[in-house]
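Here it is: the structure, laid out below.
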Amino acid sequence: EAMRLAEWRLTVQPGDEETLGLYFNAAQGHRQVERAERFLRAGLTNRPVLIQGHRLYQGLRRDAARDAELAVEYDRQLASDPTNSALMYLRGRVATSRAESRGWFERACAADPSNAFPFFALGYDRLAVGDLPGARDLLGRAAALRPKQADFVELFLDARAALGEYAALEKELRQQLVA
């Protein structure tokens, strides 16, 4: 019943990211991945593009064939909406190489500087190659744009800690506890 309730809620409020996350976790925990795939797949062509729904759909099953299928779908959607930053970001997530992904993420940032997701993806990429200052700046931008997105904020804090910014981090975290 919980899955059905979440599906009803998400049909009425598709942008409810909290319910979406709970739905994703329940689908995995209760071996309902196929059901969740069918439900989330139905929303892949909705407008506006709800990035979290796409991210979770992609995360249900990752393999080269599925990524190639999604790349074709995003290419098709981008052909009719070529300036859509969300679609560019999502296309980058299913690219076949890091260089191709980076190109899509950079295009997404340029198309919409208020879209936090491609900044996060580029920051993650910088972190992966050991460019901590570059990662900090990009992750900071993502965290500032979406301060309630826990994974953005946590990775930004990790990058700052790796750079040794302990005093500033401590001061900021203490201020948050008081507020």
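Along the sequence shown, residues carry numbers from 1. Excluded from the calculations below are hydrogen atoms, water molecules and symmetry mates; all remaining heavy atoms, backbone and side chain alike, are included.
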I want to check a possible cation-pi pair here: Arg91 against Phe105, using under 6.0 Å from ring centre and within 45° of the ring axis as the test.
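No, Arg91 and Phe105 do not form such a contact.
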
Any donor-acceptor N or O pair under 3.5 Å, side chains Thr11, Glu7:
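Side chains of Thr11 and Glu7: no pair found under 3.5 Å.
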
Please test Tyr74 against His54 for ring-ring contact (aromatic ring centres under 6.0 Å, His included), starting from the C-alpha separation and ending with a verdict.
CA-CA 11 Å; Tyr74 291 132; His54 285 258; 5.6 Å; yes

Does a side-chain N-to-carboxylate-O contact under 4.0 Å join Arg9 and Glu18?
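Here Arg9 does not pair with Glu18 in a salt bridge, since their nearest N and O are not under 4.0 Å apart.
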
Using a strict threshold of under 4.0 Å (side-chain N to carboxylate O), is an ion pair present between Glu170 and Arg160?
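Salt bridge: no.
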
Arg66 bridged to Glu37 by N-O distance under 4.0 Å:
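Looking at Arg66 and Glu37, the cut-off is met.
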
Check for a donor-acceptor pair, side chain of Arg61 on one end and backbone N or O of Gly59 on the other, with a separation under 3.5 Å.
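The answer is no, because no donor-acceptor pair under 3.5 Å joins these two groups.
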
For the residue pair Ser85 / Asn115, report whether a side-chain donor-acceptor contact shorter than 3.5 Å exists.
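There is such a pair (donor and acceptor under 3.5 Å, judged by atom type) between the side chains of Asn115 and Ser85.
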
Phe117 ring center within less than 6.0 Å of Phe152 ring center:
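Ring centres of Phe117 and Phe152 closer than 6.0 Å.
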
Side chains of Gln176 and Glu172 only: does a donor on one sit below 3.5 Å from an acceptor on the other?
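No donor-acceptor contact under 3.5 Å links the two side chains.
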
Any donor-acceptor pair under 3.5 Å from Ser101 side chain to Gly92 backbone
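The answer is yes, because a donor-acceptor pair under 3.5 Å joins these two groups.
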
Electrostatic pair Arg55:Asp151 at N-O distance under 4.0 angstrom
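Result for this pair is yes, salt bridge flagged.
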
